Amino acid sequence: MESFPKIISVDDHTVEPPHVWRDRLPSKYRDSGPRIVRAPLKEMTFIGGKFAPKMGAPGDDGPLADWWVYEDLHRPLTRLDTAVGYDRDEVKLEAITYEQMRPGSFSVPDRLADMDVNHVQSALCFPTFPRFCGQTFTEAADRELGLLGVRAYNDWMVEEWCGPEARGRLIPLIIIPLWDAELAAAEVRRNAARGVRAVCFSEIPPNLGLPSIHTDDWDPLLAACDETGTVIAMHIGSSSRMPSTSADAPPAVGSTITFANCCFSMVDWLMSGKFERFPNLKVMYAEGQIGWIPYILERADVVWEENRGWGGVADKVLRPPSELFAEHVYGCFFDDAFGLRNLDAIGVGNVLYETDYPHSDSTWPKSREVGEAQMGHLAPDVVDRIVRGNAIELLGLTADGLWAGA
């Protein structure tokens, strides 16, 4: 391509620096809120879709790593959190320190420099320690501290990560107290008032012990998102359970079928009736890829047409699911040549581009080259919509693709 558009990535990640909660929680919580401790790694496995690290005691054998410690949780920084800059064969399941990761993982100036290298103008970043929908705070016992932790993260995200130093190139994405939909709605409105237009949510809430979207429990949150134009962003793994087939399946099995939870989740939403009740609601699936979408839409339409009488949706899903998808749902991809060859069956307006920096799947620093190779058959105006135009419209960015703030 003569001129590939500057990328707006809707799925990158931030590795939170050690001071996020130390600096923003009330002083009485400084020693009990999330904090970094350097300690040996005793053991770490990732089998059957379950990540299981064990922290050693001072003086134990094992490589030193930086660990987030919070209540009973001990979570190390890992090479999978920040793999860019390493040869693929060097990316292993290992715990690391901040000094062993690329600075762009946690430093704004370094992140902008790495975005420049990768032809990326702007980026929406998901959390690391809070996990992809903030479920770390939902699982904690102390709800008061958990709510303060959520708010502290959001303040850091808006004021520092996406603050003046970022020059509008980093787009804020907040987390919410998932245990209380009213509190979650209030947090959406608090941040919408300062220009935030995206919130993390779980792809399959019941996997977190939370109500499904088929209940009315989430309606206060959905109403807040509908009213403020806040996009519900669901990342693979945001149900704390990656797809797998058996308890002893190697990580490669789950890595191949990571889209599966997005697939299940999208059918949930299309058959929930929520898009009828909240007509301005938009949802997006980060890192879910797009090649699977056409068949699911075809099958959902057949089920709606032929089986809605006994399928429990006749009174709440009033239009074919494919029509609801076209108005409300966005698929996100970083490497999906098959999906792009079937773009007409998905919809040009329902696709967003991403780079997944700094994760092991990231196309950095060759996201432009990947995009050029996979989108070379598409018209320039279509490429522009996929790479940046759809994101500008969805996230309420300026015409130049920047976050304008409050």
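Predicted model, so just to flag it, every value in this text is computed and none were measured.
Remark: the Thr355 side chain and the Asp12 side chain contain an N/O donor-acceptor pair separated by less than 3.5 Å. Thr97 and Asp66 are not linked by any side-chain donor-acceptor pair at a separation below 3.5 angstrom, with hydrogens and angles left out of the test. A donor-acceptor contact under 3.5 angstrom links the side chains of Ser322 and Asp301, judged on distance only. Counting only N and O atoms by type, the side chains of Asp248 and Ser246 include a donor and acceptor under 3.5 Å apart. For the residue pair Gln121/Arg169, the side-chain donor-acceptor check at 3.5 Å is not satisfied.
Ring-centre distance between Phe129 and Trp21: below the 6.0 Å cut-off. Proximity of the aromatic rings of Phe325 and Trp269 is defined here by a centroid distance below 6.0 angstrom, and this criterion is not met. Proximity of the aromatic rings of Phe259 and Tyr285 is defined here by a centroid distance below 6.0 angstrom, and this criterion is not met. Taking the six-membered ring for Trp and the full ring otherwise, the centers of Phe334 and Tyr353 sit at least 6.0 Å from each other.
For Ser272, there are no side chain to side chain donor-acceptor pair (under 3.5 Å) partners two or more places apart in sequence or in a different chain. In terms of the side chain to side chain donor-acceptor pair (under 3.5 Å) criterion, residue partners of Ser105 (sequence neighbours excluded) are, by chain and number, Thr82. With sequence neighbours excluded, the residues forming a side chain to side chain donor-acceptor pair (under 3.5 Å) with Thr230 are Thr228, listed by chain and number.
Between Arg319 and Glu327, the shortest heavy-atom contact is NH1-OE2, 2.8 Å.
Annotation: side chain of Asn154 is in contact with side chain of Val150 (closest heavy-atom distance under 4.5 Å). Counting heavy atoms from C-beta on, the side chains of Cys125 and Trp161 come closer than 4.5 Å. For the pair Trp67/Leu41, a side-chain contact is recorded, criterion being any heavy-atom separation below 4.5 Å from C-beta on. Counting heavy atoms from C-beta on, the side chains of Arg35 and Arg22 never come closer than 4.5 Å. Residues Ile8 and Ile171 have side chains in contact (heavy-atom distance under 4.5 Å, counting atoms from C-beta outward).
Aromatic ring orientation, Phe126 versus Phe132: perpendicular (interplanar angle above 60°, classes split at 30° and 60°).
In this structure, the side chain of Asp336 engages the main chain of Gly339 through a donor-acceptor pair within 3.5 Å.
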